[in-house]
Every structure is written in C-alpha cells, then in structure tokens.
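Just so you know, ligand 1 is whichever comes first in the structure, and atom 1 is the first atom listed for that ligand.
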Amino acid sequence: MKGTLTEKILKRSLAEGELNPGNGISIRIDDTLTQDATGTMAWLQFETIGTSKIKTRAVSFIDHNTVQMGFENADDHDYLQSVAEKYGAILSKAGNGICHQLFLERFAKPGRTLIGSDSHTPTAGGMGMLAIGVGGLDVALAMAGQPYSLKTPEVVGIHLSGELKDWVSGKDVILRVIQEFGTKNKDRVFEYFGEGVKNLSVPDRATITNMGAELGATTSIFPSDERTLEFLTLLNRKDDYKPVSAEPDARYDEVFELNLSELVPMVVMAPKAGERGLGKAAPLEEALGTHVNQVCVGACTNSSYHDLMIVAESLKGKDVHKGVQLIVTPGSRAVKQLLVESGGYSTMNEAGARITEEVCGACIGQGYSPRSEGVRVSTFNRNFCGRSGTKDADVYLVSPEAAAASAVTGVISDPREVFADMSYQRFVPKRYPDINSLFMFNKGNPDADIKRGPNISEVPKNESLSDSFDAAVTIKLEDNITTDDICPAGQWLKYRSNIPAYSEAVFSGIEPDFHKRASELKNKGVANIVVAGEGYGEGSSREHAALCPMYLGVKAVIAKGYQRIHSDNLVNFGIVPLVFANPDDYGGLDAGSKLRLTNVHEGLANNSLVLEDETNGKKIPLKHELSRRQIEMVIAGGALNHAKGQK
Ligand code: MIC
Ligand code: SF4
C-alpha cells in the first residue's frame, strides 16, 4: 500500500498500530454521519457513554424513516432534533435530501476521515475522503472522542484509462468492478487512479464509491483534482478544496486495468429464486427484453443532477410506457430546485413520472413496492430478495440511462439503441443553490430538553460472556445472508429505536417463529447459536442485526465467513463471530442440535475453540478473526461494557 492515497490518509490519522495489511490499527476521525434509521440508536448510545461534548464534526440526517404512518417516525425525528441541539450536531431535517448526496454536496472535503452509520458512507470517497461505513455504536464512540479501530486494509488499485462512451456512466464502471471482484472483499480498499480519472465527474465518482459498499470493501476512494475543484466551485465551497492523490510510484496490492472507452452498459441481474445477497453483475445485454412493471430512478447511488436530467431529457416528447410506473427521487433539495429551474421537472411530470420527496423511500421498502411477481428496474445499489417489500418481485440494477430507456419501452433496453437519434449530454448545473431552510447548524445547548416519545426505548444491556455454556442451533442458514434477512426494514423500519418491538422481526422473512423459539431458549438459560455459510451479514450497516439477536439471547454465530461491518457489529454487542476451522463441518451441524461450549475465554485467547455437539457426540473445531481488543470486547459483553470497564 506504500504511497497510495489510502496509506497517506491512514498515516495522517493513525492513532495506534502499524500500517501492515491485516494489522489492527485505530485512526482519528474528523467527521461523523448518522441517519435516522441507525442514528437514533447511535445517539441513545452516545448519551449512555455520558460525554458532554461531541469531538467530531457530526452531521445527523433524517432521510430513511419519513413515511410517518403513525407517531413512531416523528418521535424519532423530534428526539434527533433535540439531541443535536443539546450536543451541537448539525441536523438535516426530513425532506432535505438523502444523507450521502447531501454530505457530498455540503460537507465532504478531500483528505479527511469520515465514519458513518450507513454502509454507503464511502460515497464521500468520490471527493477524496477516507469514508467508512460502520455500526452506530462505532459512530457514538467516535463522537465521544474514541479513535476508530479497523484492520489495515489491502489496497486494490483500479487503473482507469480512456473516456466513457455516450450513454455509459459511473454506474456501469462500478458494476464492471463488481463483476470482476464479487462481493467478498473484506479489509480491502478500492483506490481509483490513472489518466482516466479526470474524465469522470465527481457525481460519477461518488456513484462508484457509493456502490463500492456492495464489493464488501472497507471503502473506495478517488483522488481530488481539477474536476473536484470545479464541483466545489459550483457548490460555492471552493475553499474546501485540497488536492490529494497517490504518489506516482504508489504500490498497490493488486491492480485492475479498466479502459473506460471499452465499457458497455451493465446490469445487476435479479437474484434467482432462493438466492441471497446481490445478484450477478453482467453486461446489460444479458437482461435485454425482460418485461418491466416499475422503473425507479434515485437512491444515494444515482440521484445527482445529471442522473435525473438525463432521464428528463430522454423523456422529452415521449410518455412513460403504459405498463410501467416510473418513480423518480431527487437526492437533495438542491437537485430538485435545479430540476425545476432547468425544466427537467416539468418534462418528467408531463411524461408521467411520479416524482417523490428527496428521501430513501423505495430503496429501503418505504413505499412504492412493485406488484406481486413484478419486475422493477432501478438505479439503486441493492436488489436483495424481498428488500423492495415484494418477496416474489425481480429487481434489476442499472444506470439512469438504461432505466430511462426501459421506462420508455416497457422492457429492459439498451439506451444506445432506444435513444440512437438523440445527442447525449453529461449535465452539469451552472451553480448549486444554497438551500439552508432544513439544516440546523447547532452550537450546543446544555439546557436543551431531550424529547423522548413512546417509540424511544432504552439501549438494551448485555451481560459478560460466560466461560462455558449450553447452546442450541436455533437457525441454520445458507451463504450470503444479508442484514435485510436478519433484520428486515420496510414495514419494520419504524421500530429502530424500539428494540423489544423490532426483535420480533429477526429472520421473520425466513422463519417467522424465530423470535419465539429464541426467547424460549433464552428463558431456559440456553444460548442461541446461528449457523451460516459464506459472507454472513452482507449489506446494511444496521447494528440492529446484532442488537436484536443479542436481545433474543444469541451468544454466537458460527459461519464460513463474514462481511466486515456486520462482524464488527456482532462484537460491539457481545456476540462472538466464530468460523469453522474446517468448513466441511457446516454440513454436519443442524438446526436443533444441542451444543456445549467450554473454556471459551481461553479458547478465544488461543484462537482454538471446540464445540461439542451433544446430539451426535462430535467435536467441531472453531476459530475466529478477532483482534485482542475485540476478544476483550466480546468477553465483556460488548463495546459499551468494555468502554465502561476501561474508565
Ligand atoms: C440500507 O441501504 O440498507 C440502509 C438502510 O441505508 C442501511 C442503513 C440502515 O439499515 O439503516 C445501510 O446501508 O447501512
Ligand atoms: Fe438510503 Fe437506499 Fe442509500 Fe441506504 S442505499 S442510504 S436506503 S438511498
């Protein structure tokens, strides 16, 4: 990683440890981001830590839970507003925009470090920030002044050359990278460099780093350059510019050559029935002709001015196909305002688009679910089974250009063919309007009252981990289980600050009775164990996927492998993420098996545990990938207990 931009920022921020791939380090954090669906819990945890002053520049966004069916969302909004006022966080109120788009427009600065309680926090990597998605508790601890701990990543260099052809855009770049590298890139950073970088706009770069989350990487990053300066100038933030880049002789752990001129439109295919995780990335060609019922343009991946203007321009003089609902979501109020000023808003309106408020919305199953057995084509970043709110719908992910083509024809279409007689433009606004009405730039007020409506429950506490315990396999799962599978969002999302209520949702899409069985075992003093395949915990940063199982008495997960954020979240809440020493043992461990774990503390310290399967007398060797600090944390029953113990 020597000489890479990643190394330079890590070096500048290093608080502890040595920069060798795989080594545990901790870094100082400049900025923190929270959003309401994870932030309410993060702020409750910040209060529990008991620090009176925030030590980072903290921005708290309200963008996920905005449907307000019942009092719950509004209770959370009020809580977040009052807590921001008291402790001096910047608050972005509901309806202001999607956190990552807004952060990019208003707060991102090259060379700084950011952690955010949302997996798509790396969006700010498009501006040269080292921006990492983490669980809410990690953000709470950083706001209280603790450095953030991580494994030193390997740095994969994506060497860009050439220039994108018309109707091909940033989304196609990241889908090509995902096609190449897959979704299991734990403890790797994807760093873009080379002469092709200057041919990508900052919003295109942000689309690429945003969806780097789907690579399972620690983060993705671009250098900053004249294009960054141009973008910041349009935003009236020229002074925030700073050139940052890798050294010319930087050493990457692996290099992938990507010639932008050769890139074609791409797609993420809908996962096949029963498949978990992200679908397969492939050239769009493979999906052409598939009938479409719904097209969604927006989400933090693709809701910039260009993304929506290219849709508007493509719809000029045309109607949305009669079999299709077109849902369009601007990323921010500034983008909406620009659409209004440029006439793009009216064009889309006349063509039949349903233009929504600037929130996460359809991306996280907050309305606009497709019909049963329907097909959605979206510019979003995830197409996990059931995430749209319709379990048997097929969801494809594409660029805004391909989405527009499909909205017009009613089948998945190649924009280069549908719009062959149109000239293609990359839209850049003349300036971004400075809309401040929904921001609160709080200075902090110790006398401010914190508002806690009935939807706000307490942060559940965990006990320390016993050295020996009886356990049972409560559920056995396959590969690529997502955090949406563990703790669904959609209709459950409003319970993010109410753990007892939200716990009923755990694995409900797979085994609706899970929470009952787990609670029964917990009450009998038997620890619940989850068994899973590869890539456990893909997707969202939601720590609820650890916190709710902890509440239901899950003490350990035994998997073939984990995704980074989720495995850290398990540790943060005192659940031990164990791995099979011999992956074949996965086959022999069934749901219902009665187990016993002994000498757990010593086994963790020596990285060698033995699970006794009392059902058949087998002994199963287990390992872990935890640092010494993480071992202390799980034994203490989680990060909060551990932090208290250190005081
Ligand atoms: C998502 O895209 O899944 C979310 C909703 O933004 C999550 C955060 C959450 O679950 O609240 C994420 O990506 O981290
Ligand atoms: Fe919101 Fe979707 Fe982006 Fe998550 S991926 S932050 S739900 S827009």
Among all protein heavy atoms, pick the one closest to atom 1 (Fe) of ligand 2 and tell me residue, atom and distance. C360 SG, 2.3 Å
Which residue owns the protein heavy atom closest to atom 13 (O) of ligand 1, what's the atom, and how far is it? S119 OG, 2.5 Å
Would I499 and M41 count as a side-chain contact (heavy atoms from CB on, under 4.5 Å) here? Give the steps. CA-CA 9 Å; I499 300 303; M41 195 41 71; 3.7 Å; yes
Could you go step by step and tell me if R382 and S119 meet the side chain to side chain donor-acceptor pair (under 3.5 Å) rule? CA-CA 11 Å; R382 291 189 169 140; S119 61; 2.7 Å; yes
Look at the aromatic rings of Y502 and W492 and report parallel, tilted or perpendicular, splitting at 30° and 60°. tilted
Within 4.0 Å of some non-hydrogen atom of H64, the atoms of ligand 1 are 4 (C), 5 (C), 6 (O)
The answer for which part of H100 has a heavy atom under 4.0 Å from ligand 2 is side chain
How about C300: does one of its N, O or S atoms come closer than 2.8 Å to atom 2 (Fe) of ligand 2? no
Which atoms form the tightest heavy-atom contact between S117 and V139, and what is the distance? N-CG2, 3.5 Å
Classify the ring geometry of F107 against F103: parallel below 30°, tilted from 30° to 60°, perpendicular beyond 60°. tilted
Between F514 and F507, what is the ring plane arrangement, given parallel below 30°, perpendicular above 60°, and tilted in between? perpendicular
Nearest protein heavy atom to atom 11 (O) of ligand 1, by residue and atom, and its distance? R496 NH1, 2.7 Å
Short version for R387: what comes under 4.0 Å of ligand 1, heavy atoms counted, is side chain
What protein heavy atom is closest to atom 2 (Fe) of ligand 2, reported as residue, atom name and distance in Å? C363 SG, 2.3 Å
Among all protein heavy atoms in this structure, tell me which lies nearest to atom 7 (C) of ligand 1, with the distance rounded to 0.1 Å. S540 OG, 3.2 Å
Does the distance from a Lys or Arg side-chain N to an Asp or Glu carboxylate O, for K494 and D76, drop under 4.0 Å? no
Can you tell me which portion of I364 lies within the under-4.0 Å heavy-atom range of ligand 1? Options are side chain, backbone, both, or neither. side chain
Of all the non-hydrogen atoms in the protein, which one sits nearest to atom 8 (C) of ligand 1, and at what distance? Q35 NE2, 3.2 Å
Under 3.5 Å side-chain donor-acceptor pair for D118 and S541: no
Taking only non-hydrogen atoms of N381 and a 4.0 Å limit, the atoms of ligand 2 in range are 5 (S)
Using a 4.0 Å heavy-atom cut-off, say whether D118 meets ligand 2 through its side chain, its backbone, both or neither. side chain
Step by step, work out the side-chain contact (heavy atoms from CB on, under 4.5 Å) result for V554 and F573. CA-CA 10 Å; V554 174; F573 292 99; over 6 Å; no
For ligand 1, does R382 get within less than 4.0 Å through its side chain, its backbone, both, or neither, judged by non-hydrogen atoms? side chain
Student check: side-chain heavy atoms of D485 and R276 closer than 4.5 Å: yes
For ligand 2, which atoms have a heavy atom of I364 less than 4.0 angstrom away? 7 (S)
Check each atom of ligand 2 against the heavy atoms of H120 and keep those under 4.0 Å away; list them by number with element. 5 (S)
Any side-chain donor paired with an acceptor under 3.5 Å for E357 and T66? no
Considering only non-hydrogen protein atoms, determine which one is nearest to atom 4 (Fe) of ligand 2 and report residue, atom name and distance to 0.1 Å. H64 NE2, 3.8 Å
Using a 4.0 Å heavy-atom cut-off, which part of T301 comes near ligand 2: side chain, backbone, both, or neither? neither
